[in-house]
Amino acid sequence: MTERSRLPQDIDEEVDRAVQAVRTTAGSRDLPPHVRAAIVAKMQAAARRGDALRFLDWVVARRLRSTVAAAASVLIAVTAVAVIVALLGRGGVAFAQVKAAIQQAQTIQMTVDSTVGQGPNTVRMRLKMRVKAPGWVRMETETGESVVTDARQKMMLTIEPDKRRAMLIDIPQLPDRTDTSPRNILERMRQVLDGSEKRLGGRQIDGRPTQGFAVTKDNCDMEIWAEESTGELVLIRLDFHIPGLPPTHMILRDIVLNADMPDSLFRLAPPEGFTLENHAKNLGTPGEQDLAEGLRDLAGWNGGTFPEQLQPSVDMGRTIEQSLATLEPGLRTAKVHRLTRMVFFAGLRYEQDFHYAGGGVTLGDASRSIAWWKPKGAKTYRVLMGDLTFRELPAGKLPSAGAASRRSELPQPPSGARTDVRLKARDRIGTSIREAARIASVADPTAGKTLTVTVAVRATQTGLARSGLEVTLANTGGHTHEVTGCTPARG
Amino acid sequence: MKQPGDQAEVTVEDWVGIVAGCGDEAWRTAYRLLGDEADASDCLQDAFAAAVVIARRQQVLSWRALLRRLVTTRALDRLRKRIRRRTGHLGQAAEALADPSPGPLQQVQLTEQAAKLREALSHLPSPQAAVFCMRMLDDLSYEQIAEALGISASHVGVLLYRARGALRERFAAGRDRAGKMQVHHD
């Protein structure tokens, strides 16, 4: 007797009837609109949560970027406030009271929409940032993760509620200028006034008539929009290009001065019930050997060539994680710490004109420079070569940070007119760098012939590699031909 | 709707399109298994949120297949938890009683039969239950089921055969219990 035959013969029919009953009672319903909306909202929250966790991963979890990000976050706050004070100081009588309020402010609070990285590695997030003198910064994501930075103690605490975990990390050599006291802000204001400033005219933002200003200072392009009648800050846009960090764009809104902020918000202690991973005092002080050995490791993970940027991409990060997972714990920790110190070393040299140009260079190539910076007070640049040795070089002997080229035809000149070519190159916000440009080749600019102009950019000219070039060609016949959209090419 | 093989960076607009393209089918799957709008809504939210997380880690070749798997397995999980919360052999009866909608006798019978199947499904091993639901409730082909669950079509057939066998056993056992109870009360 088979197994099936011992069962009642109509049992199959009963099962089928039950199946039909489920289908009948459920009907052919479509997704109700309110459920559809709830699903989309939940997906958005999950996506933001993913971004937030990726932010923390980026900031802390892999120990590859944390210290530089911490330094950047504090400097962002201080720089923004200093620029605000400087620009408002140039306004009318009504601004005097606002300026005084800022100078006396002990706290600053703002909402920050940030985009970090580019292409598939882009991370977008919304943060609430709170700054309190002297040197405290707290950033919170929409899903509850937090990063607290104490620039005085040079420590950072991250809090991940979903894992009920907190991590404490030391961030040595954070610049002293991270003091957010009003006295320090005034000092910063004097420095900011040296930056090139451009008025942007008027614009309605959130229904408020505003006036805008653009300023570039210390690897940061800024736009500040303040309400015309009151001088209140409405929106600040920041574009950061700090070596060692991916491109960072931020929009600051809801800026409030002197909001109530208890000191407890900035304590470097985890919430009750959270486990604390204490990594303080075990990172070590970054040195140039960390840069060299960190790059050696990166080249090893990148098939023998140095990566395009110090900041590992998401794909490279996965390769690194897989490789690290095969190491015994002590060695794994040592390598992660070294990579962290490497990024930190580079990132805090942004005021020393740090450049990294190792992308595509083979490990061991002694003829290629892969990184350089000018130590404070030095007359020459410290240069790291492809074979990981160090040299001292004057600025004139540094390699080009890149070259931009564009092929273009000149317009028809008047008949018989002699044409000369003048070249002007400007960076994105209009600063003339003509003196730094060198025309590598100019063909006969007769009408109908193609003119090739190669602009070699000297390494000490900041801004160009990130912004591209606007190349203007003009001939003496009065015709001009603008060539825009140049981007640095590998050279 | 986001195309198969697209990179993991999915925008909000993509998600709206994915919900528009897959939402109705997913809703019917969840509702058939759970028989309750609130439960089905929660199930779908969890499933689509899980899809977001998965999409960040890996390339999704077929959103429809992924969501079929996520919705079915999550609905079955919810069903099991719900039935476990209600005790023993009363689980099935409690499932039937859980439907608050009174109606004509035929509706009541349908509801009881549906509850019986749900209760039986909750006791099946997950792969068998998922295959049975996709085949018998959602009318998916063997190939579609194989794609959703990441198994071969022949394995789908094996799981389906075992699922039907297990359901027959449970239904038969249910009849035996009903018979004994009736004898006891006579």
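All values derive from a computational prediction rather than experimental measurement. Each chain gets a letter, A, B and so on, in the order the sequences are listed, and its residues count up from 1.
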Closest contact, heavy atoms only, [X] versus [Y]:
X	Y	value
B:Ala114	A:Ala21	N-CB, 3.8 Å
B:Asp46	A:Lys42	OD1-NZ, 3.5 Å
A:Val35	B:Ser41	CG1-OG, 3.7 Å
A:Val15	B:Phe132	CG1-CZ, 4.3 Å

Euclidean distance, [Y] [atom2] relative to [X] [atom1], rounded to 0.5 Å:
X	Y	atom1	atom2	answer
A:Leu31	B:Asp24	CG	CG	6.0 Å
B:Leu110	A:Thr24	CG	OG1	5.5 Å
B:Gln113	A:Glu14	CD	CD	7.5 Å
A:Ile39	B:Trp27	CD1	CH2	8.0 Å
B:Leu117	A:Gln20	CG	CD	11.5 Å
A:Arg29	B:Arg28	CZ	CZ	11.5 Å

- Message: Let's go through B:Arg32 and A:Thr25 carefully: what are the C-alpha distance in whole Å and the side-chain angles of both, what is the deciding distance for side chain to side chain contact (heavy atoms under 4.5 Å, CB included) to 0.1 Å, and is it a yes or a no?
- Response: CA-CA 8 Å; B:Arg32 282 185 197 124; A:Thr25 52; over 6 Å; no
- Query: Which bit of B:Glu25 is near chain A, if near means a heavy-atom gap under 4.5 Å: side chain, backbone, both or neither?
  - Reply: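 Contact with chain A is absent: no heavy atom of B:Glu25 under 4.5 Å.
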- Does the side chain of B:Lys116 come within less than 4.5 Å of A:Val22's, by heavy atoms?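 No; the side chains remain at least 4.5 Å from each other.
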- Which residues in residues 134-151 of chain B have any heavy atom lying under 4.5 Å from a heavy atom of chain A?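 Contacts with chain A: B:Met136, B:Leu137, B:Asp139.
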- Does A:Ile11 offer a backbone N or O that forms a donor-acceptor pair with the side chain of B:Arg168 under 3.5 Å?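 Judged by distance alone, no pair lies under 3.5 Å.
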- Query: Who are the salt bridge (Lys or Arg N to Asp or Glu O under 4.0 Å) partners of A:Arg237, not counting sequence neighbours?
  - Reply: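 Checked A:Arg237 against salt bridge (Lys or Arg N to Asp or Glu O under 4.0 Å); matches are A:Glu223.
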- Task: Give the C-alpha distance, both sets of side-chain angles, the deciding distance and a yes or no for side chain to side chain contact (heavy atoms under 4.5 Å, CB included) between A:Arg17 and B:Gln109.
- Result: CA-CA 10 Å; A:Arg17 279 199 300 274; B:Gln109 286 173 339; over 6 Å; no
